[in-house]
Amino acid sequence: TFVNVNMPNIEALPDEPAITFPARRNYIDDVKIDSVDDWKRLMFNDMRLETLYEAGSDDDAVQRNEISVTHVYIYPVSINAVSGSAL
């Protein structure tokens, strides 16, 4: 478990951070395969990122010029099993 903090690029910061959840993102990558002799080289050719808008996410908070603080659970299934509730 760790905490992810995102800050907007503004001069005056808000008084309190927003407690948020991680935004869902789709990584749309195109991989190019280049073969030389017996070697294959994989290269990312076209990398795009699509963020799905959700109110209360870290991306939403930063877009509203707020500091976002997000708890990130490495094994959320384990946390859910112990707490008995969805995160």
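Numbering of residues begins at 1 and proceeds along the displayed sequence.
Counting heavy atoms of neighbouring residues, nucleotides and ligands inside a 6.0 Å radius, atom CE of M47 does not exceed 12 of them. The neighbour count for R64 CZ, taken as heavy atoms of other residues, nucleotides or ligands under 6.0 Å away, is above 12.
Summarising the geometry, atom CD belonging to E66 is positioned 11.0 Å from atom CG belonging to D15; distances are rounded to the nearest 0.5 Å. With rounding to the nearest 0.5 Å, the separation of OG1 in T51 from CD in E54 is 10.5 Å.
Between V31 and F44 there is a side-chain heavy-atom pair separated by less than 4.5 Å.
When every heavy atom of D29 is checked against every heavy atom of R48, the shortest pair comes out as OD1-N, 4.1 Å.
By the side chain to side chain donor-acceptor pair (under 3.5 Å) test, E50 is found to be paired with N26, residues two or more places apart in sequence or in another chain being considered. Under the side-chain contact (heavy atoms from CB on, under 4.5 Å) criterion, V36 pairs with D34, sequence neighbours left out.
T70 and T20 share a donor-acceptor pair across their side chains, judged by distance under 3.5 Å alone.
A donor-acceptor contact shorter than 3.5 Å links the side chain of D58 to the backbone of A23.
If you chain together hydrophobic residues whose side chains sit under 4.5 Å apart, F21 and Y73 never meet in one group.
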Under 3.5 Å donor-acceptor pairs involving side-chain atoms of residues 3-13, not counting sequence neighbours:
| from | atom 1 | to | atom 2 | distance (Å) |
| --- | --- | --- | --- | --- |
| N6 | ND2 | S68 | OG | 3.4 |

